Chemist: 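Before we start, here is the structure in question, set down as structure tokens.
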Amino acid sequence: MSIISDSLKRIKPSPTIAVTQKARELRAAGKDVIGLGAGEPDFDTPDNIKNAAIKAIKSGDTKYTAVDGTPALKKAIVDKFKRENKINYTTDQITVGTGGKQVLYNAFMATLNKGDEVIIPAPFWVSYPDMVLLAGGKPKIVKCTEQEGFKLTPSKLKKAITKKTKWLILNSPSNPTGAGYTKKEIQNLAKVLVKNKKVHILSDDIYEHIKYDNFNFFTIAQIPQLKDRTLTMNGVSKSYAMTGWRIGYAAGPKDIIKAIGKIQSQSTSNPSSISQAAAVEALNGNQSFIKKRSKAFKERRNFVVQSLNNIDGINCLTPEGAFYVFPSCKGLLNKKTGLKTDTEFVQKLLEKSNVAVVQGSAFGLDGYFRISYATSMKNLQKAMSRIKTFCESLNK
């Protein structure tokens with residue numbers, strides 16, 4: 001009899017973390033590897049946020065806090081939702097966790113029973129299905145095509161809903177595609193959800209502020225009929241370059257928030273007191289740097305998309321947000337190249353050209369790969385040149 005639980009056997013390690021770790025190992029071995037796998041801004045945490053953390057340390061703010069967040073941070077989150085999204089919450093509708101990933105995991109652990117279905121549009125962030133499986137639920141994957149902009153349509157949503165559906169996950173702007181749902185697109189999905197009153201919505205808004213080309217962010221909790229069925233997750237990791245600080249948060253129905261707190265009380269307890277103090281400053285402090293950094297991301301996006309579309313066999317849509325592109329490599333999967341899958345493509349790319357990307361199949365859609373352009377333009381120029389040379393060698 002194995003010591004490892006059956007539930008753990010159903011899941012796999014994170015492919016994105018695996019790629020990043022592989023790139024680190026190759027660099028340590030002396031290889032000139034360019035890693036385009038990590039979903040992490042290359043910018044540093046702003047000084048005002050760092051200083052808030054230093055002040056917290058010096059003032060002795062180093063003890064346990066309330067399990068699901070300090071009053072100061074919860075108030076800052078309430079104010080953020082009111083100021084930026086025009087949604088009113090009270091502090092007992094807020095939970096704070098050790099990163100957005102923990103908040104999502106807690107939500108599924110707190111709400112899913114065996115056999116409950118969770119609708120997950122694909123391409124999806126790699127952790128969604130495995131979290132659902134660990135909680136005893138059943139991921140219901142709905143593939144969204146490139147022709148659909150990698151976005152869920154109302155007809156596909158309607159078809160996917162069953163008596164067992166408990167949650168729908170919406171991620172906008174998206175990891176891995178960068179696709180953003182417009183207000184109209186969300187309103188159209190909402191028409192289906194309003195009629196299906198037992199379905200809750202988990203809105204992953206972690207890339208809210210990283211957006212381009214006058215894309216107007218709109219979150220589904222802004223629709224009054226659905227607010228009481230929506231758990232909106234966000235955090236400081238992406239917009240504020242605070243991945244290592246590990247602070248995520250969510251707003252939603254009091255019963256779900258209370259249940260999440262119960263889970264957290266028996267697992268990690270409170271997030272770091274110092275990180276929470278820094279997050280208060282992040283949410284309340286000067287926000288002007290976000291637009292400046294988004295402008296830099298946009299320049300990188302434009303360069304990467306143009307470069308990829310100039311390669312025979314590669315096709316890449318222009319995303320509305322986040323810092324990823326999700327190009328198709330289907331044109332290079334054939335007898336001539338000898339490559340059959342996107343996994344083989346990314347493995348050969350790393351082996352032959354020292355560029356690390358993530359296969360699209362890891363995100364639920366075969367024939368694609370994900371590039372994170374959250375790195376310097378110098379690195380991106382080198383990477384695009386290597387990818388082009390690699391693809392040309394396949395076509396010879």
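Fair warning: this is a prediction, and the values are worked out from it, not measured in the lab.
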Chemist: Keeping the roles fixed (side chain from Thr162, backbone from Lys164), state whether a donor-acceptor pair exists under 3.5 Å.
Modeler: yes
Chemist: In terms of ring plane angle, is the pair Tyr212 and Tyr373 parallel, tilted or perpendicular, where the classes change at 30° and 60°?
Modeler: tilted
Chemist: Is there a donor-acceptor contact under 3.5 Å linking the side chains of Thr111 and Trp167?
Modeler: yes
Chemist: Please test Glu146 against Tyr368 for side-chain hydrogen bond (donor to acceptor under 3.5 Å, both in side chains), starting from the C-alpha separation and ending with a verdict.
Modeler: CA-CA 10 Å; Glu146 185 176 349; Tyr368 296 84; 2.8 Å; yes
Chemist: Are Lys298 and Asp213 within salt-bridge range, i.e. N to O under 4.0 Å?
Modeler: yes
Chemist: Under a 4.0 Å N-O cut-off, is there an ion pair linking Lys80 with Glu208?
Modeler: yes
Chemist: State, without any angle test, whether Glu84 and His209 hold a side-chain donor-acceptor pair at a distance under 3.5 Å.
Modeler: yes
Chemist: Quick one: CG on Leu104 to CD1 on Ile260, what's the gap to the nearest 0.5 Å?
Modeler: 9.0 Å
Chemist: With clusters defined by side-chain heavy atoms of hydrophobic residues (ILVMFWY) lying less than 4.5 Å apart, directly or transitively, does Ile120 cluster with Leu134?
Modeler: yes
Chemist: Tell me whether the count of non-hydrogen atoms from other residues, nucleotides or ligands lying under 6.0 Å of NZ in Lys138 goes above 12.
Modeler: no
Chemist: With side chains defined as the heavy atoms from C-beta onward, is the minimum distance between Leu73 and Ile77 less than 4.5 Å?
Modeler: yes
Chemist: Determine whether Glu117 and Lys163 satisfy the following criterion, salt bridge (charged side-chain N to carboxylate O under 4.0 Å, His left out), listing intermediate values before the conclusion.
Modeler: CA-CA 9 Å; Glu117 293 178 351; Lys163 292 180 180 179; over 6 Å; no
Chemist: Can you tell if the side chain of Val325 reaches within under 4.5 Å of the side chain of Leu308, non-hydrogen atoms only?
Modeler: yes
Chemist: Can Leu365 and Asp342 be said to form a side-chain contact (heavy atoms from CB on, under 4.5 Å), step by step?
Modeler: CA-CA 10 Å; Leu365 206 63; Asp342 51 22; over 6 Å; no
Chemist: Leu189, Ile141: one ILVMFWY side-chain cluster at the under-4.5 Å cut-off?
Modeler: no
Chemist: Are Val118 and Leu170 co-members of a hydrophobic cluster defined by side-chain heavy atoms under 4.5 Å apart?
Modeler: no
Chemist: Closest approach of Arg27 and Val33, non-hydrogen atoms and distance?
Modeler: NE-O, 3.0 Å
Chemist: Please assess Asp205 against Thr219 for the test side-chain hydrogen bond (donor to acceptor under 3.5 Å, both in side chains), listing each intermediate value before the final yes or no.
Modeler: CA-CA 8 Å; Asp205 296 358; Thr219 191; 2.7 Å; yes
Chemist: Test Phe43 against every option in Phe297, Tyr240, Phe289 by the ring-ring contact (aromatic ring centres under 6.0 Å, His included) rule and name the one that passes.
Modeler: Phe297
Chemist: Please check if any side-chain donor atom of Ser267 sits under 3.5 Å from a side-chain acceptor atom of Gln264, or the reverse.
Modeler: no
Chemist: Counting C-beta onward and ignoring hydrogens, is there a side-chain heavy-atom pair between Leu231 and His200 closer than 4.5 Å?
Modeler: no
Chemist: Atom CG of Asn216 and atom NZ of Lys211: how far apart are they, to the nearest 0.5 Å?
Modeler: 6.5 Å
Chemist: For atom CD of Glu148, decide whether the heavy atoms of other residues, nucleotides or ligands shown that lie under 6.0 angstrom number more than 12.
Modeler: yes
Chemist: Could you see if Val357 belongs to whatever hydrophobic cluster contains Val126? Use Ile, Leu, Val, Met, Phe, Trp, Tyr and a side-chain cutoff under 4.5 Å.
Modeler: yes
Chemist: Phe390, Leu333: one ILVMFWY side-chain cluster at the under-4.5 Å cut-off?
Modeler: yes
Chemist: Using distance alone, with no hydrogens and no angle criterion, decide if Asp61 and Gln276 have a side-chain donor and acceptor under 3.5 Å apart.
Modeler: no
Chemist: With Gln93 as reference, evaluate Thr90, Thr91, Thr95 under the side-chain hydrogen bond (donor to acceptor under 3.5 Å, both in side chains) test and give the passing residue.
Modeler: Thr90
Chemist: May I ask you to say whether Asp366 pairs ionically with Lys330, meaning some side-chain N is under 4.0 Å from a carboxylate O?
Modeler: no
Chemist: Go through it in stages, so that I can follow the logic: the residues are Glu392 and Lys388, the test is salt bridge (charged side-chain N to carboxylate O under 4.0 Å, His left out), and I'd like the CA-CA distance, side-chain angles, deciding distance and then a yes or no.
Modeler: CA-CA 6 Å; Glu392 287 175 346; Lys388 183 178 177 65; 3.5 Å; yes
Chemist: Do the ring centers of Phe363 and Phe150 come within less than 6.0 Å of each other?
Modeler: no
Chemist: Does atom CG of Asn315 have more than 12 heavy-atom neighbours from other groups under 6.0 Å away?
Modeler: yes
Chemist: Compare all side-chain heavy atoms of Trp125 with those of Ile169 and state whether any distance is below 4.5 angstrom.
Modeler: no
Chemist: Answer yes or no: are there more than 12 heavy-atom neighbours, outside Gln266 itself, under 6.0 Å from its atom CD?
Modeler: no
Chemist: Ion pair present between Asp42 and Arg293, side-chain N to carboxylate O less than 4.0 angstrom?
Modeler: no
Chemist: Any side-chain heavy atom of Leu202 within less than 4.5 Å of one from Leu168?
Modeler: no
Chemist: Has the side chain of Lys238 got a donor or acceptor atom that lies under 3.5 Å from a matching backbone atom of Gly39?
Modeler: yes
Chemist: To the nearest 0.5 angstrom, please state how far the CD1 atom of Ile311 sits from the SG atom of Cys391.
Modeler: 5.0 Å
Chemist: Checking side-chain polar atoms at under 3.5 Å, does Thr232 have a donor or acceptor matched by the opposite partner on Thr230?
Modeler: no
Chemist: Which class fits the ring pair Phe345 and Phe369: parallel under 30°, tilted 30 to 60°, perpendicular over 60°?
Modeler: tilted
Chemist: Could you measure the distance from the CG atom of Asn85 to the OG atom of Ser203? Nearest 0.5 Å is fine.
Modeler: 9.5 Å
Chemist: Show your reasoning for whether side-chain hydrogen bond (donor to acceptor under 3.5 Å, both in side chains) applies to Trp245 and Thr45.
Modeler: CA-CA 10 Å; Trp245 298 76; Thr45 305; 3.1 Å; yes
Chemist: Does atom NZ of Lys75 have more than 12 heavy-atom neighbours, drawn from other residues, nucleotides or ligands, at distances under 6.0 Å?
Modeler: no
Chemist: Lys258 and Asp68: salt bridge (charged side-chain N to carboxylate O under 4.0 Å, His left out), yes or no, with the steps?
Modeler: CA-CA 9 Å; Lys258 185 177 180 180; Asp68 63 346; over 6 Å; no
